[in-house]
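Written out below as structure tokens is the structure these notes cover.
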There are 2 protein chains.
Amino acid sequence: MPRLERSPTYRLVFDAIERRILGGHLKIGDPLPTEMELAEQFGVNRSTVREGIRLLEQEGLITRDGGKRPRISAPQYKDLASAASRALVLHAVTFRELWEASMLIEPATAELAAMNIDPVELERLADNIRAMETAVADLESGASFDVEAFVTLDRRFHEILAEASKNRVLMLAHEPVTTLFIPAGRIILPRLKTWRRVLDAHRVIHGYLAAHDAAGAREWMRKPMDDFRRGYALTGLDFDTPLDAAAYAR
Amino acid sequence: MPRLERSPTYRLVFDAIERRILGGHLKIGDPLPTEMELAEQFGVNRSTVREGIRLLEQEGLITRDGGKRPRISAPQYKDLASAASRALVLHAVTFRELWEASMLIEPATAELAAMNIDPVELERLADNIRAMETAVADLESGASFDVEAFVTLDRRFHEILAEASKNRVLMLAHEPVTTLFIPAGRIILPRLKTWRRVLDAHRVIHGYLAAHDAAGAREWMRKPMDDFRRGYALTGLDFDTPLDAAAYAR
DNA sequence: TTTGTCGGAGTGTCCGACAATTGCACAAAT
DNA sequence: ATTTGTGCAATTGTCGGACACTCCGACAAA
């Protein structure tokens, strides 16, 4: 049976506006027409329009900057990444799947980054490494237990690399995976204290990137990831156990 | 300056319900509490609750099955894929980026599939190949110009492979990329008439998968993709021109 | 030039209402 | 006994109207 059903009006509103955006009638940066205008144009109530707008909003097609007029925008990676992360967690994805994908994406990202990185990004990486040096020194000296700072810097390193690859498809694939690694990192790193090894690897990778040595960058990107896998096993966590949903409910 | 701002209430509603889902208080398949209940619990108006629910809905965290009570659900890959595709197109991603990512993901998918594929999926692939045989025969004999059928079968082939990889992260990364390839395929394939080569490659890949030969599968997956890249150039299309948004506004 | 005031526009939130549909229980018919 | 019809309660979808709050530009005052 064809299972006929008609969409609710608020969804039709969403579809209509979406088409206007993708069709180019509403360009990125343009302000969305006022809710009243839309309500009149579509011949529906303002409340209904608002519900349609919420769909657009969650999709990232419009951004609201304070209480003022929303504007059309291209969905941000962050939004998609968090959506993807949520989905993967709810689908009870395992660490093995995550790691397999990461082992694929990260070295390739490093490779492309080696070919396409520009001086500004190299300098940003250098800054990141310097910051991580002090973070590691603090952690090793016991002056601080700020694991979060280290994890954030590590993530930022990979993020800059993804940008440097100049490949937005990879960037998009990259984000959710690193997001899901974070909670695992928070658990593993403090136990194994592999700060120094991570930092060293970052330094070497930075060197390869500066020299535009794709093969080298690729190879060294694998190392900290292998460490990570071993760390996961060493802390007694099982590869094939689904990731814990609760840990991701920020 | 910390740029302080408070989220609108409907977003707080979204956050609250989202946390309940990720925290496991609301399990997948459960019905969402009624709008009235939620309004009372949160101490807000039903309209506000509804706007929050629209956010959940677009996120794919709830599905509405006709006019009845919405149920909690894990976001489907299809939804995420279409969102990602939209985002990439709006970000004016180029064919080069798409192809680079695909050249990374597809062979790896084939490799994993060779290791993890089960008999059912092998049979599904065989069915797909048989269907493509008749499609190609029709196209070559001039009995039909149904390019769409061929493209759909090709897509389905890759989809089965992604499932067979048993890696849901890859599956997720896979979807948007193939989605974006479709319009290009519709243009390229009829001009170059490489149906036969694609079909042959699929046959060979199927053989490698049946033999659980990962290296072979990986290698042969590259071939039709290389064809595709050459085809793109031969039809006069530029690698670094952004994909056409209009072609994706279904 | 900066600061204060004012009104218009627009979003955020609330209230109340009603049609349409679904779910369920119960009676009627085969 | 299974199916079919009926009535009622619950719930969603849509509507209309209302008001507070914020942002913005204009214009006056220091």
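Numbers restart at 1 for each chain; the letters A, B, ... are given by sequence-line order, proteins then strands. All values derive from a computational prediction rather than experimental measurement.
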Legend entry - B/Arg64 vs D/dG13: side-chain N/O to OP1/OP2 distance below 4.0 Å: yes
Legend entry - Contact under 4.0 Å: B/Arg6 side-chain N or O vs D/dC21 OP1/OP2: no
The criterion is side-chain hydrogen bond (donor to acceptor under 3.5 Å, both in side chains); which residues satisfy it with [X], sequence neighbours excluded?
X: A/Arg46; value: A/Glu35
X: A/Thr241; value: A/Asp238
X: A/Thr179; value: A/Arg155

Please report the distance, rounded to the nearest Å, between [atom1] in [X] and [atom2] in [N].
X: B/Phe14; N: C/dT13; atom1: CZ; atom2: P; result: 15 Å
X: B/Arg69; N: D/dT11; atom1: CZ; atom2: C1'; result: 8 Å
X: A/Glu35; N: C/dT11; atom1: CD; atom2: P; result: 4 Å
X: B/Leu32; N: C/dT22; atom1: CG; atom2: P; result: 18 Å
X: B/Leu56; N: D/dT12; atom1: CG; atom2: P; result: 13 Å
X: A/Arg54; N: D/dG13; atom1: CZ; atom2: P; result: 16 Å
X: A/Leu38; N: C/dG10; atom1: CG; atom2: P; result: 11 Å
X: B/Ile53; N: D/dT11; atom1: CD1; atom2: P; result: 13 Å

Give the table of side-chain donor-acceptor pairs shorter than 3.5 Å for residues 22-34 of chain A, with sequence neighbours excluded, one pair per line with atom names and distance.
residue: A/Asp30; atom: OD2; partner: A/Lys27; partner atom: N; Å: 2.9
residue: A/Thr34; atom: OG1; partner: A/Glu37; partner atom: N; Å: 3.1
residue: A/Thr34; atom: OG1; partner: A/Glu37; partner atom: OE2; Å: 3.4

Legend entry - Point-to-point distance, once rounded to the nearest 0.5 Å, from CZ of B/Arg130 to CG of B/Leu153: 12.5 Å
Inset, instruction - Name all residues meeting the ring-ring contact (aromatic ring centres under 6.0 Å, His included) criterion together with A/Phe157; count only those two or more places apart in sequence or in a different chain, and write none if there are none. - result: A/His202
Close N/O contacts between protein and nucleotides 14-17 of chain D (under 3.5 Å):
residue: D/dT14; atom: OP1; partner: A/Thr9; partner atom: N; Å: 2.4
residue: D/dT14; atom: OP1; partner: A/Thr9; partner atom: OG1; Å: 2.3
residue: D/dT14; atom: OP2; partner: A/Thr9; partner atom: N; Å: 3.4
residue: D/dT14; atom: O4; partner: B/Arg46; partner atom: NH2; Å: 3.2
residue: D/dC15; atom: OP2; partner: A/Asn45; partner atom: N; Å: 2.9
residue: D/dC15; atom: OP2; partner: A/Thr48; partner atom: OG1; Å: 2.7
residue: D/dG16; atom: OP2; partner: A/Asn45; partner atom: ND2; Å: 3.4
residue: D/dG16; atom: N7; partner: A/Asn45; partner atom: ND2; Å: 3.3

